[in-house]
Number of protein chains: 2
Amino acid sequence: MTTTLTEENYLKAIYHLSQKKESGVSTNAIAQKIDAKASSVTDMLKKLAEKNLLTYIKYKGVTLTEKGRLTAVDIIRKHRLWEVFLVDKLNFSWDEVHDVAEQLEHIKSQKLINELDAFLDFPTHDPHGDPIPDKEGQIKRTNKIVLSKAELNETYTCVGVLDSSSEFLKYLDKHDIKIGSELWIKEKEEFDQSLTIQIRDKVMTMSKAITSNIYVKKS
Amino acid sequence: MTTTLTEENYLKAIYHLSQKKESGVSTNAIAQKIDAKASSVTDMLKKLAEKNLLTYIKYKGVTLTEKGRLTAVDIIRKHRLWEVFLVDKLNFSWDEVHDVAEQLEHIKSQKLINELDAFLDFPTHDPHGDPIPDKEGQIKRTNKIVLSKAELNETYTCVGVLDSSSEFLKYLDKHDIKIGSELWIKEKEEFDQSLTIQIRDKVMTMSKAITSNIYVKKS
DNA sequence: ATTATTTTTTAGATAAGTCTAAAAATAAAA
DNA sequence: TTTTATTTTTAGACTTATCTAAAAAATAAT
Ligand SMILES: [Mn+2]
Ligand SMILES: [Mn+2]
Ligand SMILES: [Mn+2]
Ligand SMILES: [Mn+2]
């Protein structure tokens, strides 16, 4: 079976949306993510259903089939491996990799991706802390929480980000927060839910908008 | 300016064809190379002329403009750098790289290609001995000849191949002929223009079909 | 210089992916 | 439970890149 670049982008979008929601993914949600009109999405959903990549019931949302899920996860695997390549080997910073990886993820060659995986020494996570699916489409989920849910007086390790937009990543760079950074929760302000945190020698206060986009786990 | 994948493939085909011929490149020649019908080619030529990538005069062939030439050469630069990457870093053999490079050459990122170039230590030639254009679109031409024009009793170094099809490259692999191999011309058979050649300890006879596809220069 | 052959262009059609505008179905509100 | 608002689908049109079939121009042959 052969999938076009466009089909792959739809499958990936649907996969990511289905991670957040339990029920079927809605046409509008896909349209927003793909940046297309709902009518275009409807057309594509019919096409993908025809190819047995998802189940589509008019007016109810869609759900990926196992075949569709595997296809989506394979694209995500490629995306994340390329991101590792760009950061580890080509001196890209973590806020520069996404757009290029969006292109590279569609390159079709099984050997290429297997060799790349080996060349990178079989990484388990991408530069943003997201897990890299294995060859069989398995994803190892870690028990991370968002920083905003952290407990007072505890120490956490930064393991990832929820928002991986260039703007947010640059904010983290500016304050020297990276994956692996140790964060000690010094104070919790109930009024606006801001946190005062010690990172190495520095102490800083972060708003809820920031803390709800950083993943941590207890050190 | 932005070029589509299809446009890039046309420009590349026209560039390569124009290397062989002095005059304008014909519609039919392009059609054959691109594997499309002449009518499709005519349509595309109008489009590329509109974008000032080539000059098109009905019924006369086409010629690339400087802008078109630079675009074509940039694609070729990317193609050949990726081929080096695949062979040097990902354990591809020289007969496996072309199809993947055909995809990778269309990835759009100036930083990506500059960093790749540096990562590969600024290679000057691809795995088939073809020169890699520099950032400014300059190509260093070497004074190579085809093996079939070699002189009796002289020693040559293999510097490239004319036919870089997988079949031909596998033939060369089988006989342990690679770029850098030293070839001594032991005998020239006038009747069928076959050559008897010594490669290291081995002696073998090659037909004109073979020798006219190997580039050499005097050692 | 005509006639015949080949090459190239035009005309009209098709498929993929997108859009706008309008209709139909579902969900929310009164 | 009607009415209203939102979501989704359908209908028809557009763009890019392709095709086939036919017309026109350029070459080659008689
Ligand atoms: Mn990404
Ligand atoms: Mn990522
Ligand atoms: Mn190649
Ligand atoms: Mn090559």
Side-chain angles (χ1 to χ4, degrees), chain A residues 1-14 17-18 20-64 68 71-72 75 102-103 105-106 108, chain B residues 1-14 17-18 20-64 68 71-72 75 102-103 105-106 108:
Chain A
M1 216 250 323
T2 170
T3 47
T4 68
L5 181 148
T6 311
E7 289 170 349
E8 289 178 353
N9 282 336
Y10 271 90
L11 291 174
K12 195 165 51 115
I14 294 164
L17 290 167
S18 69
K20 316 227 156 182
K21 281 218 174 181
E22 221 20 80
S23 58
V25 178
S26 77
T27 302
N28 260 3
I30 299 166
Q32 192 186 335
K33 188 141 216 164
I34 289 281
D35 193 32
K37 293 297 146 77
S39 55
S40 308
V41 174
T42 301
D43 284 347
M44 183 55 77
L45 295 183
K46 288 177 184 168
K47 196 183 161 198
L48 293 172
E50 196 58 48
K51 285 185 150 188
N52 292 310
L53 291 162
L54 49 81
T55 54
Y56 168 60
I57 310 160
K58 266 193 192 177
Y59 294 103
K60 319 284 173 189
V62 291
T63 316
L64 292 180
T71 308
I75 306 297
E102 284 291 307
Q103 299 178 61
E105 70 187 8
H106 301 290
K108 281 167 181 70
Chain B
M1 218 247 324
T2 170
T3 46
T4 66
L5 183 149
T6 312
E7 289 170 350
E8 289 178 354
N9 282 337
Y10 271 88
L11 291 173
K12 197 166 50 117
I14 294 164
L17 289 167
S18 69
K20 315 228 158 180
K21 281 217 172 176
E22 218 23 75
S23 57
V25 178
S26 78
T27 302
N28 261 2
I30 299 166
Q32 190 185 334
K33 188 140 217 167
I34 290 282
D35 193 32
K37 293 297 146 74
S39 55
S40 308
V41 174
T42 301
D43 284 348
M44 183 55 78
L45 295 183
K46 287 176 184 170
K47 197 184 160 196
L48 294 172
E50 196 59 45
K51 286 185 150 188
N52 292 310
L53 291 162
L54 49 79
T55 55
Y56 167 61
I57 309 162
K58 266 192 190 180
Y59 294 102
K60 317 287 172 186
V62 291
T63 317
L64 292 181
T71 308
I75 306 298
E102 284 291 307
Q103 299 178 61
E105 70 188 6
H106 302 289
K108 282 168 180 68

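Order of the sequence lines fixes the chain letters, A, B, ..., with proteins taken first and strands second; residue numbering starts at 1 for each chain. Worth saying up front: this structure is predicted, and the values here are computed from it rather than measured. FYI, side chains are in, hydrogens and waters are out, and symmetry mates aren't considered; it's all heavy atoms of this structure.
The number of heavy-atom neighbours closer than 6.0 Å to NZ of Lys21(A), taken from other residues, nucleotides and ligands shown, is 12 or below.
Between the CD1 atom of Ile14(B) and the CG atom of Leu64(B) there is a distance of 5.5 Å, given to the nearest 0.5 Å. Leu53(A) CG to Glu7(A) CD: the interatomic distance, rounded to the nearest 0.5 Å, is 7.0 Å.
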**Q.** CA sep, side-chain torsions, deciding dist, call: Ile30(A), Val62(A), side chain to side chain contact (heavy atoms under 4.5 Å, CB included)
**A.** CA-CA 10 Å; Ile30(A) 299 166; Val62(A) 291; 4.0 Å; yes
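The 5' end of DNA chain C is approached more closely, in terms of each residue's nearest nucleotide, by Ser26(B) than by the other of Lys60(A) and Ser26(B). Mapping Tyr10(A) and Ala29(B) onto DNA chain C by nearest heavy atom places Ala29(B) closer to the 5' end of the strand.
Considering only side-chain N and O atoms, Lys46(B) lies under 4.0 angstrom from the phosphate OP1 or OP2 of dT10(C). Not one side-chain nitrogen or oxygen of Tyr59(B) sits closer than 4.0 Å to the OP1 or OP2 atom of dA23(D). Between dT10(D) and Lys58(A), a contact under 4.0 Å exists linking OP1 or OP2 to a side-chain N or O. Residue Asn28(B) places none of its side-chain N or O atoms closer than 4.0 Å to OP1 or OP2 of dT6(C).
In this structure, Thr27(A) reaches the sugar-phosphate backbone alone: every heavy-atom distance under 4.0 Å involves primed, P, OP1 or OP2 atoms, never a base. Among the protein residues, Thr42(A) comes within range of the nucleic acid bases, having at least one heavy atom under 4.0 Å from a base atom. Nucleic acid contact for Ala36(A): sugar-phosphate only, since backbone atoms but no base atoms lie under 4.0 Å from a heavy atom of the residue.
The CD1-P distance, from Ile34(B) to dC19(D), rounds to 11 Å in whole Å. The distance between atom CD1 of Ile30(A) and atom P of dT8(D), rounded to the nearest whole Å, is 9 Å. In this structure, Ile57(B) places its CD1 atom 14 Å from P of dT8(C), rounding to the nearest Å. If you measure from atom CD of Gln32(B) to atom P of dT8(C), you get 12 Å, rounded to the nearest angstrom. Look at CG on Leu45(B): it is 13 Å from C1' on dT7(C), rounded to the nearest Å. Rounded to whole Å, the distance from CD on Glu8(A) to P on dA16(C) is 16 Å. The CG atom of Leu5(A) sits 18 Å away from the P atom of dT16(D) (whole-angstrom rounding). Rounded to a whole Å, the CE atom of Met44(A) is 16 Å from the C1' atom of dT9(D).
Below the 3.5 angstrom threshold, one finds a donor paired with an acceptor across the side chain of Ser39(B) and the base of dT20(D).
For Lys37(B), the listed nucleotide lying nearest its side chain is dT20(D); candidates were dT9(D), dT10(C), dT20(D). Which of dT8(C), dT9(C), dT9(D) sits closest to the side chain of Tyr56(B) comes down to dT9(C).
In this structure, the side chains of Ile34(B) and Met44(B) stay at 4.5 Å or more apart for every pair of heavy atoms.
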